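Taking it in order: structure first as structure tokens, then the write-up.
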Amino acid sequence: MDKTFHITTFGCQMNEHDSEIMAGMLLERGYRQEKERKDANIEIINTCSVRENADKRFFGTLGQLKRRHEKDPDFVVCVCGCMMQQQRIIDQLKAKYPWVDLIFGTHNISRMPDLLENVLSRRDQEIEIWDGGREIVEGLPARRLFRSKAFVNITFGCNNFCTYCIVPYTRGRERSRAPEEILKEICGLAADGVKEVTLLGQNVNSYRGTYEDPATKDRAADRSADYDYCSFSHLIRLIAEIDGIERIRFMTSHPKDLSDELIRTFANTPKLCHNIHLPVQSGSDRILKRMNRHYDREKYLGLVEKLRRAVPDMTISTDIIVGFPGETEEDFEDTLDIVRRVRYDSAFTFLYSIRKGTPAAEYEDQIPEEVKHERFNRLVELVDQISAEKNAAYEGTVRQVLVEGRSKRSRGSLSGRTDGFKLVNFPADPKNLPEEVRGDARTVQEMEDRLTGHFVNVKITKGKTFSLEGQIVSAN
Ligand code: SAH
Ligand code: SF4
Ligand code: F3S
């Protein structure tokens, strides 16, 4: 049988990158990746548990796949990702979806190709979920989504146990990858033409990597205090020394672990982009405490001030939850107030929703849906207004953009990101471009091939709420 696969990915960059790794491993074994689900005979669904109605949507998707499975018994369905780390989901899959061929968790992606081979030879349901322990499997290939930029895991799991969040239960305890392994991977990416790396982890600034002892080949346990270890800032400085890597980003930072050392690293490391995602979650001290976030509004605002003092053009984005249990109108006003004070470039806004198994799910003072929605709408209006004002201030300036490829919004345009992570769309019809930029390209496709992965200077003509528009003025 012709082995073709398609991956549907939900959730965060961690999941996006796991999908890249699964694709890399399968391509190495001679499978082909399809862009459309209908063209593939193996469908892989990489799930997320964070979003509202995640279960409902997941089982809805399975319902659609079931019809195809009934018609075509050779069609293979694999499910993986964070939802598979929840026992009740596994129980439900076993009881009601026995036709699902392969179920595996977030800790054992490296085993996926072997498990799939078992399925293809035997066609029994395979289930493999580990609690993972502290093991990190190194050296997995990845099929990158972009030519010029790549995601690199530096930590796995989370120890913070925010009271609303399921991630510590689905991804396990925090583990840091060894610095040598991270540097080796990034050197390989640089050799492959990658210019921008995004370091990934649920809380990257608590990264604490241990070096291998050259004599014994031992590695100290991640957190031993008396061992020479690599801090997050130090790791960034090491990465900045790699030739070919021009931009370094990271996601996500927890305000409680944002050190002065890291703020100095922003100021002293030109390759570290001037952008930070710093989830605030709420502007109310009372709610922050109940969320178990370990900072208050004063500490958060102090961090923002320090960041802006060190790097005046820093762009800042955030995550905010509306309607956490017990949130009063006054608490919510504090959230609006902190948004007005910080003036975020962008914000992901979430309606609080119950995750079974987390402490906040048990709180009695849940907020009625209509109150949550009403607050949510007010918040989004404010956030969008500020984003639009911030983006309008870019009009008339020239920005350096790393071209990522064809624009998703407008045909005939390319898109890329500024150092501050603003998405910029710009027309790429060679007829209208300076000769120095167009070279001998005659079509938009040829322009795309020519510029993807390269820096161009774009004059911003319009700042919209979620993106900028511009015209290329020169290439670097
Ligand atoms: N590790 C990252 C976030 C991971 S989850 C961090 O700490 O910043 C991404 C976002 O989903 C969170 O920042 C939070 O805003 C939101 N989120 C998580 N659980 C939620 C829940 N139960 N209800 C609503 N939003 C939630
Ligand atoms: Fe969840 Fe909090 Fe960990 Fe982020 S820091 S993953 S919100 S528990
Ligand atoms: Fe979702 Fe798992 Fe990421 S729950 S947000 S995919 S860590």
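Side chains included, hydrogens not; waters and symmetry mates left out as well; all remaining heavy atoms used. Note that the coordinates shown come from a computational prediction; the quantities given were computed from them, not determined experimentally. Order of listing sets the numbers, starting from 1, for every ligand and every atom in it.
Judged by distance alone, the side chain of Ser253 and the main-chain N or O of Leu258 form no donor-acceptor pair under 3.5 Å. For Arg399 (side chain) and Tyr394 (main-chain N/O), no donor-acceptor pair under 3.5 Å exists by modelled atom type.
Protein heavy atom closest to atom 8 (O) of ligand 1, with residue, atom name and distance, is Pro279 CG, 3.0 Å. Atom 1 (Fe) of ligand 3 has as its closest protein heavy atom Cys48 SG, 2.4 Å. The single protein non-hydrogen atom nearest to atom 4 (S) of ligand 3 is Ser49 N, 3.2 Å, given as residue, atom name and distance. Remark: minimum distance from atom 25 (N) of ligand 1 to any protein heavy atom is reached at Phe350 CB, 3.4 Å. Scanning all protein heavy atoms for the shortest distance to atom 1 (N) of ligand 1 gives Gln202 OE1, 2.6 Å. Remark: minimum distance from atom 1 (Fe) of ligand 2 to any protein heavy atom is reached at Cys165 SG, 2.3 Å. Nearest to atom 6 (C) of ligand 1 among the protein's heavy atoms is Thr252 CG2, 3.8 Å. Remark: minimum distance from atom 2 (Fe) of ligand 2 to any protein heavy atom is reached at Cys162 SG, 2.2 Å. Atom 5 (S) of ligand 1 has its closest protein heavy atom at Val50 CG2, 4.1 Å. The shortest contact between atom 10 (C) of ligand 1 and any protein heavy atom is with Asp319 OD2, 3.4 Å. What sits closest to atom 2 (Fe) of ligand 3 on the protein, heavy atoms only, is Cys82 SG, 2.2 Å. Protein heavy atom at the shortest distance from atom 26 (C) of ligand 1 is Ile321 CD1, 3.8 Å.
For Glu180 and Lys184, the salt-bridge test fails: no basic side-chain N is under 4.0 Å from an acidic carboxylate O. Taking 4.0 Å as the cut-off between side-chain N and carboxylate O, Asp337 and Arg341 count as a salt-bridged pair.
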(request) Carefully, step by step, assess Thr8 and Arg37 under the rule side chain to side chain donor-acceptor pair (under 3.5 Å). (result) CA-CA 8 Å; Thr8 307; Arg37 178 183 285 168; 3.1 Å; yes
(request) Kindly determine whether Asn160 and Asn292 satisfy side chain to side chain contact (heavy atoms under 4.5 Å, CB included), including the steps that lead there. (result) CA-CA 8 Å; Asn160 289 323; Asn292 193 31; over 6 Å; no
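At a distance under 4.0 Å, no protein heavy atom can be found next to atom 4 (Fe) of ligand 2.
Side-chain N/O atoms of Glu389 and Gln385 include a donor and acceptor closer than 3.5 Å. A donor and an acceptor atom, one from each side chain of Glu327 and Ser282, are nowhere located under 3.5 Å apart. Residues His17 and Glu20 bring a donor and an acceptor atom of their side chains to less than 3.5 Å of each other. Using a 3.5 Å distance cut-off with no hydrogens or angles, the side chains of Thr198 and Gln13 do not pair a donor with an acceptor. A donor-acceptor pair shorter than 3.5 Å can be found between the side chains of Asn275 and Thr315. Side-chain polar atoms of Asn203 and Asp257 form a donor-acceptor pair below 3.5 angstrom. Side-chain polar atoms of Ser387 and Asp384 form no donor-acceptor pair below 3.5 angstrom. Side-chain contact, Thr4 with Asn41: a donor N or O sits under 3.5 Å from an acceptor N or O.
Because its NZ or CZ atom is not both nearer than 6.0 Å to the ring centre of Phe324 and within 45° of the ring axis, Arg290 does not count as a cation-pi partner of that residue. Annotation: cation-pi geometry satisfied between Lys3 and Tyr31 (NZ/CZ under 6.0 angstrom from ring centroid, within 45° of ring axis). Seen from the ring of Tyr295, Arg293 does not count as a face-on cation partner, given the 6.0 Å and 45° thresholds.
Residue Gln202 places a heavy atom under 4.0 Å from ligand 3. Ligand 3 lies nowhere less than 4.0 angstrom from a heavy atom belonging to Met14. The shortest heavy-atom distance from Asn203 to ligand 1 is not under 4.0 Å.
Contacts of Arg293 with ligand 2, taken as heavy-atom pairs under 4.0 Å, involve the side chain alone. Under 4.0 angstrom from ligand 1, the non-hydrogen atoms of Tyr164 come from both its backbone and its side chain. With a 4.0 Å heavy-atom cut-off, ligand 2 is reached by no atom of Pro279. In Leu351, the part holding a heavy atom less than 4.0 Å from any atom of ligand 1 is the backbone. Counting heavy atoms closer than 4.0 Å to ligand 2, residue Cys158 contributes side-chain atoms (C-beta onward) but none from N, CA, C or O. At a 4.0 Å heavy-atom cut-off, ligand 3 touches Asn15 through the side chain alone.
Ring to ring, Phe350 and Phe376 are not that close: their centroids are 6.0 angstrom or more apart. Close placement of the Phe250 and Phe232 rings is indicated, their centers lying within 6.0 Å of each other.
Near Tyr164, with a cut-off below 4.0 Å to any heavy atom, the atoms of ligand 2 are 7 (S). Annotation for ligand 2: atoms under 4.0 Å from non-hydrogen atoms of Val167 are 6 (S). Here is the list of ligand 2 atoms found below 4.0 Å of a heavy atom in Pro168: 8 (S). In the vicinity of Phe161, heavy-atom distances shorter than 4.0 Å reach the ligand 2 atoms 8 (S). Heavy-atom proximity to Arg355, at under 4.0 Å, picks out these atoms of ligand 1: 22 (N).
Taking 2.8 Å as the criterion, His254 does not count as a coordinating residue of atom 3 (Fe) of ligand 2, since none of its N, O or S atoms falls below it. Look at Cys12 and atom 3 (Fe) of ligand 3: an N/O/S atom of the residue is under 2.8 Å from the metal.
Of the options Lys372, Arg293, Gln281, the smallest heavy-atom separation from atom 14 (C) of ligand 1 is shown by Gln281.
Residue-to-ligand polar distances place Ser353 within reach of ligand 1: an N/O pair is separated by less than 3.5 Å. Between His254 and ligand 1, no pair of N/O atoms sits closer than 3.5 Å. Ligand 1 has no N or O atom lying under 3.5 Å from any N or O atom of Ser253, backbone or side chain.
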